[in-house]
Amino acid sequence: MRYLFFFMIVALALYVISNVFHRPARESIMFFPIDPAVQFTQAKTELSLQSKKNDDRYIIDWLVTSNLDRPAYLRQDISLLFANGRLLATQSKWKENGQMLIQEKKIEQKDSRLFQAISYHQGELHNNNDIRSSQKMSGDRLYVIDSPFMPLQSFRTPRSPSEKEWEQTLNKTTKSLLEYTTKKASDHFSLQKDQYYHLYLPELIAYNEQPFMDLTLEQTERMIGNLWEGLYKNYFLGIKKRNGTTVSPIGSTIPLILISKDYRYLLVITETADGEPIRLIQLLQFPQ
């Protein structure tokens, strides 16, 4: 009986160890220390306007591709598409023992809009009991002009006086919405914005390969990886409201990232489609 008990304990221990270090692959975002030897050879998000227009509507083609320089235990990409400051649609894909991912979605829209997309590409790599990761972000923006006074058109960078005017108009529309909802959230949560570094989620791409102010590149990568892990669980999959219900993020505003200047924590601020301010808190813990 004593030997049976001993073998049961050993079997349980082996089962726990196996599940900790060899968890079943599944769609998820979990940050692990970055392996500097592993690189993405391609990471791209591309928005394009299809020329055909039916019933006063047009189609936006949204393509997300990535390729790691080697197969990974788990490859996963997620992507967010915003229009005039609000979340329009999401994409996600994952693959066991994968290397390359391709996903594409066609979105039907109308009226003039500023489209902004940002994607997070990740590979999870296992070497015995050592788990590492590789990550990269990509993004794109596209201005679409849908006016009865001119042909349907799109651009990324304005090249004519008319396009410059439309760029200013759509930027102002998006900025006004985000400034209004940010002030509403700041008042609601009594936030002092001068205590934080702040940027909107699409601006995070600037720190793909350069450190955030006062941080090392390793610390920046950890902060970004942890941020996307939190965004996936608490934004991408659904937003938990104060009453305990979980709602779709579609229609919510572009997340505002507030990073405390002492780097103790960061906040993610957004507003749901029905107007409720949401604050997500994430502690920042950097290895000494």
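Every value quoted in this text rests on a predicted model; they were computed, and no experiment measured them. When a residue number appears, it is its place in the shown sequence, counting from 1.
Thr182 and Tyr200 form a side-chain donor-acceptor contact under 3.5 Å, judged by distance and modelled atom types alone. With 3.5 Å as the limit, one finds no donor-acceptor pair spanning the side chains of Ser134 and Asp35.
Without hydrogens or angle criteria, Gln210 side chain to Tyr207 main chain gives no donor-acceptor distance under 3.5 Å. Asp262 places a side-chain N or O within 3.5 Å of a backbone atom of Arg264 that can act as its donor or acceptor partner. Using a distance-only test at 3.5 Å, with no hydrogens or angles considered, a donor-acceptor pair links the side chain of Gln122 to the main chain of Met30. With Asp146 contributing its side chain and Asp111 its backbone, the two residues share a donor-acceptor pair below 3.5 Å. Listed for the Lys105 side chain is a donor-acceptor partner under 3.5 Å among the backbone atoms of Thr90. Looking at Ser133, its side chain does come within 3.5 Å of a backbone N or O of Phe32 through a donor-acceptor pair. Of the possible polar contacts, none joining the Gln135 side chain to the Tyr120 backbone as a donor-acceptor pair under 3.5 Å is found. Checked by atom type and distance alone, the side chain of Lys95 pairs as donor or acceptor with a backbone atom of Met100 at under 3.5 Å. A distance-only check finds no donor-acceptor pair linking the side chain of Arg70 to the backbone of Gln99 [under 3.5 Å]. The main-chain N or O of Leu47 is found under 3.5 Å from a side-chain atom of Asp140 such that the two form a donor-acceptor pair.
Closest of all the heavy-atom pairs between Pro255 and Thr270 is CA-CB, 4.4 Å. Considering every non-hydrogen atom in both Ser112 and Ser147, the closest pair reads OG-N, 4.5 Å. The minimum heavy-atom distance linking Leu191 with Ala185 is given by the pair CD1-O, 4.5 Å.
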Problem set entry | Residue pair Ser252, Tyr235: steps toward the side-chain hydrogen bond (donor to acceptor under 3.5 Å, both in side chains) verdict | CA-CA 10 Å; Ser252 64; Tyr235 182 77; 2.7 Å; yes
Apply side-chain hydrogen bond (donor to acceptor under 3.5 Å, both in side chains) to residues Asn84 and Thr173 and explain how you reach the verdict. CA-CA 7 Å; Asn84 288 357; Thr173 298; 5.9 Å; no
Walk me through it: do Tyr197 and Phe212 pass the test ring-ring contact (aromatic ring centres under 6.0 Å, His included)?
CA-CA 10 Å; Tyr197 300 118; Phe212 200 77; 5.8 Å; yes
*Before giving the answer on side-chain hydrogen bond (donor to acceptor under 3.5 Å, both in side chains), spell out for Tyr58 and Glu108 the whole-Å C-alpha distance, their side-chain angles and the decisive distance to 0.1 Å.*
CA-CA 6 Å; Tyr58 54 85; Glu108 187 177 273; over 6 Å; no
Trp62 and Ser79: CA distance, side-chain angles, deciding distance, side-chain hydrogen bond (donor to acceptor under 3.5 Å, both in side chains) verdict
CA-CA 10 Å; Trp62 173 24; Ser79 190; 3.2 Å; yes
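Residue Asp187 qualifies as enclosed at atom CG: its count of foreign heavy atoms under 6.0 Å is above 12. A 6.0 Å sphere centred on CZ of Phe189 holds more than 12 heavy atoms belonging to other residues, nucleotides or ligands. At most 12 non-hydrogen atoms from other residues, nucleotides or ligands lie less than 6.0 angstrom from NZ of Lys172. Residue-environment remark: CD (Glu165) stays at or below the threshold of 12 foreign heavy atoms within 6.0 Å. Residue-environment remark: NZ (Lys44) stays at or below the threshold of 12 foreign heavy atoms within 6.0 Å.
The pair Lys136-Glu209 meets the salt-bridge criterion, since a charged nitrogen lies less than 4.0 angstrom from a carboxylate oxygen. Ion pair Arg222/Glu218 not flagged as a salt bridge, since none of the NZ, NE, NH1 or NH2 atoms sits closer than 4.0 Å to an Asp/Glu carboxylate oxygen. Between Lys110 and Asp56 there is no salt bridge, since no side-chain N of the basic residue sits under 4.0 Å from a carboxylate O of the acidic one.
Looking only at side-chain heavy atoms (C-beta outward), Ile131 and Leu125 stay at 4.5 Å or farther from each other. For the pair His198/Leu256, a side-chain contact is recorded, criterion being any heavy-atom separation below 4.5 Å from C-beta on. Tyr196 has its side chain out of reach of Ile269: every pair of non-hydrogen atoms, C-beta onward, lies at least 4.5 Å apart. Counting heavy atoms from C-beta outward, Asn208 and Ile224 have side chains that stay 4.5 Å or more apart. In this structure the side chain of Ile205 reaches within 4.5 angstrom of the side chain of Ile118, judged on heavy atoms. With contacts defined as side-chain heavy-atom distances shorter than 4.5 Å, the pair Met223/Leu266 qualifies.
Grouping the Ile, Leu, Val, Met, Phe, Trp and Tyr side chains by contacts below 4.5 angstrom, directly or via other members, places Val268 with Leu258. Clustering ILVMFWY residues whenever any of their side-chain heavy atoms sit less than 4.5 angstrom apart, transitively, puts Leu201 in the very cluster that holds Ile29.
Within the model, atoms CG of Leu227 and OG1 of Thr220 stand 12.0 Å from one another, a figure rounded to the nearest 0.5 Å. Note: Ile78 CD1 to Met137 CE = 11.5 Å, rounded to the nearest 0.5 Å. Of the inter-residue distances, the one linking Lys93 atom NZ with Leu101 atom CG reads 6.5 Å to the nearest 0.5 angstrom.
For Asp274, the side-chain hydrogen bond (donor to acceptor under 3.5 Å, both in side chains) criterion is met by Lys241, Thr272, not counting sequence neighbours. Residues passing the side chain to side chain contact (heavy atoms under 4.5 Å, CB included) test with Glu163, sequence neighbours excluded: Gln153, Phe155, Pro158, Arg159, Ser160.
The aromatic rings of His126 and Tyr73 sit parallel, their planes meeting at an angle under 30°, below the 60° perpendicular limit.
The side-chain contact (heavy atoms from CB on, under 4.5 Å) test with Arg86 is passed by exactly one of Thr253, Ile250, Leu178: Thr253.
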